[in-house]
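All chains are named by letter (A, B, ...) in the order of the sequence lines, taking the proteins before the strands, and each is independently numbered beginning at 1.
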Amino acid sequence: MNCKDLRDKLYRYFEGLLPNAEEEAIDRHAEACPECAGLLKQWSETTCRDLLDFIDDYVDGTLAESVRTVFERHLAICTQCVDYLDGYRKAIDGARALGKAERAAPPASMPPELIAAILAARKEKRS
Amino acid sequence: MNPLRAAAPAGGPAQPASKILDPSELARDRELVARILAGEERAFEELLATYGARLLAVAARFCREEHDAQDVVQDAMLSAFKGLGSYTGDARLYTWLHRIVVNAALMRLRARRRRPEQSIEELLPTFTAAGHHREPPRRWDEPASAKLERSETRKQIRHLIEQLPEPFRVVVLLRDIEELDTAETAQVLDITEQAVKTRLHRARQALRTLLERHLTGSEP
Ligand SMILES: [Zn+2]
Ligand SMILES: [Zn+2]
């Protein structure tokens with residue numbers, strides 16, 4: 001077991017999908033390797049689900065510095081969240097671009113019969 | 001303790017730079033309103049001619065039926081006329097009318113709410129017991145995402161937003177399409193700001209799922 005093997009197996013390790021021997025190999029490696037021990041700790045501290053709760057503030061840049069650091073530490077070790085975040089941003093950008101285009105589009109003209117109907121209804125209300 | 005939760009909360013979202021108001025335009029708005037209030041027939045017609053088309057477009061973005069949009073504008077213009085005395089003249093008249101149209105559209109949608117609300121759950125990401133993504137999120141790369149800028153893709157995004165369950169469709173329309181801020185959205189929906197944020201968050205997750213299925217060709 002080397003550091004790269006451990007990294008590749010992290011997900012399965014935490015989901016309990018590894019054979020016992022491999023799980024033990026990871027534990028043994030982590031005891032001897034402070035870097036990987038840190039990685040395991042980090043991975044167990046913050047889950048993908050936790051990240052999702054903070055994603056809007058992260059995208060808006062309004063996360064407190066301390067939270068952002070934790071958020072980005074998870075991103076650094078989780079490609080799933082990187083991909084999720086990428087698509088989430090695209091969804092927001094897509095909606096905003098649509099809004100911008102729709103608001104800027106020249107409107108169809110106001111139907112004269114609608115103007116007439118409004119004016120008539122107004123007169124009726126007043127009388 | 002999850003460090004994301006343990007850390008101090010942010011000092012609230014940054015406020016958008018306040019919209020710059022052109023004093024001469026404001027003066028023109030105030031003058032038009034004063035003429036309507038003074039009973040000048042032509043002035044109300046002028047208001048309809050100036051703003052009607054844009055307001056009808058706003059209503060059409062909420063209503064699925066064209067005649068509904070027209071009814072919404074008619075209702076909105078009549079209540080605007082009735083409430084014109086409360087226009088204070090420190091925002092653009094269009095902004096004031098826009099909110100009235102949005103409110104009228106929401107009222108119409110509430111009255112129209114037909115089929116039972118479909119659930120959004122199916123469109124939200126799922127997690128394993130240990131809190132990791134159950135389905136690896138798919139990534140769609142430049143060719144597909146560059147398309148987001150193009151007009152036919154905008155039509156598709158429009159179409160995907162229309163597929164969201166009603167409360168979620170509405171919150172995206174208010175926040176991302178009409179650009180109301182969180183507080184204004186909370187006001188027109190009569191819910192708390194926190195509820196607006198939660199609803200928008202779920203709407204965006206669902207929209208992401210729909211986009212992913214659409215752009216990676218993985219319709220369920
Ligand atoms: Zn190591
Ligand atoms: Zn993750």
Side-chain angles (χ1 to χ4, degrees), chain A residues 11 14-16 44-57 60-67 69-71 74 78-88 90-103 105-111 114-115 117-119 121-122 125, chain B residues 1-5 7-14 44-45 48-49 52-57 61 70 73-74 77-78 81-82 125 127-133 136-140 145 148-149 151 153-154 157-158 160-161 172-173 176-179 197 200-201 204-205 207-208 210-212:
Chain A
Y11 178 79
F14 279 101
E15 293 302 330
S44 61
E45 272 175 350
T46 316
T47 65
C48 307
R49 190 198 278 126
D50 294 330
L51 223 65
L52 187 61
D53 291 342
F54 294 87
I55 198 168
D56 280 303
D57 287 337
D60 287 344
T62 54
L63 265 191
E65 180 71 32
S66 52
V67 187
T69 308
V70 177
F71 194 102
H74 181 89
C78 180
T79 57
Q80 299 200 345
C81 280
V82 170
D83 289 346
Y84 191 84
L85 175 65
D86 183 67
Y88 195 85
K90 283 171 182 159
I92 297 177
D93 292 348
R96 286 181 179 159
L98 174 72
K100 210 169 144 203
E102 289 189 349
R103 280 179 284 112
S109 61
M110 178 81 165
L114 179 56
I115 295 192
I118 294 171
L119 293 175
R122 193 194 65 158
K125 277 210 168 160
Chain B
M1 176 102 170
N2 163 18
L4 277 172
R5 277 170 226 293
F44 191 61
E45 283 183 57
L48 294 178
R54 275 167 81 198
L55 295 170
L56 183 58
R61 293 201 281 270
Q70 295 204 9
V73 169
Q74 174 158 343
M77 289 305 98
L78 292 177
F81 182 69
K82 226 170 64 191
F127 297 95
T128 62
H132 301 124
H133 283 280
R138 248 169 300 236
R139 193 189 185 94
W140 55 93
S145 61
L148 286 179
E149 305 302 315
S151 78
T153 316
R154 281 205 294 269
I157 299 226
R158 191 14 115 170
L160 297 177
I161 291 174
V172 171
L173 292 182
D176 290 338
I177 307 295
E178 301 304 325
E179 288 202 325
K197 288 184 186 170
L200 183 65
H201 180 46
R204 286 170 168 175
Q205 292 170 54
L207 190 58
R208 186 205 180 281
L210 290 170
L211 254 180
E212 178 182 82

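Only the side chain of B:Ala57 comes within less than 4.5 Å of a heavy atom of chain A; its backbone N, CA, C and O stay farther away. Using a 4.5 Å cut-off between heavy atoms, A:Ala117 touches chain B through backbone and side chain atoms alike. Interface residue B:Leu207: backbone and side-chain heavy atoms are both found under 4.5 Å from chain A.
Between B:His201 and A:Asp53, the closest heavy-atom pair is NE2-CA, 4.3 Å. A pairwise comparison of heavy atoms in A:Ala95 and B:Ile161 identifies CB-CD1, 4.3 Å as the closest pair. Scanning both residues, A:Tyr84 and B:Arg208, for their nearest heavy atoms gives O-NE, 2.9 Å. For the pair A:Pro107 and B:Ala53, the tightest heavy-atom approach, listed with the atom from each and the gap, is CB-O, 3.5 Å. Across B:Leu211 and A:Ala91, no two heavy atoms sit closer than the pair CD1-CA, 3.4 Å.
Remark: B:Arg204 engages A:Asp56 in a salt bridge, criterion side-chain N to carboxylate O under 4.0 Å.
For the options A:Arg96, A:Glu65, A:Gln80, A:Met110, heavy-atom pairs under 4.5 Å to chain B are most numerous at A:Gln80. Of the listed residues (B:Met77, B:Arg54, B:Arg158), the one with the most heavy-atom contacts under 4.5 Å to chain A is B:Arg158. Looking only at heavy-atom pairs under 4.5 Å with chain A, the residue among B:Arg61, B:Lys82, B:Arg139 that has the most is B:Arg139.
From B:Phe127, atom CZ reaches atom CG of A:Leu52 across 4.5 Å, with rounding to the nearest 0.5 Å.
Judged by distance alone, the side chain of A:Arg103 and the main-chain N or O of B:Glu178 form no donor-acceptor pair under 3.5 Å.
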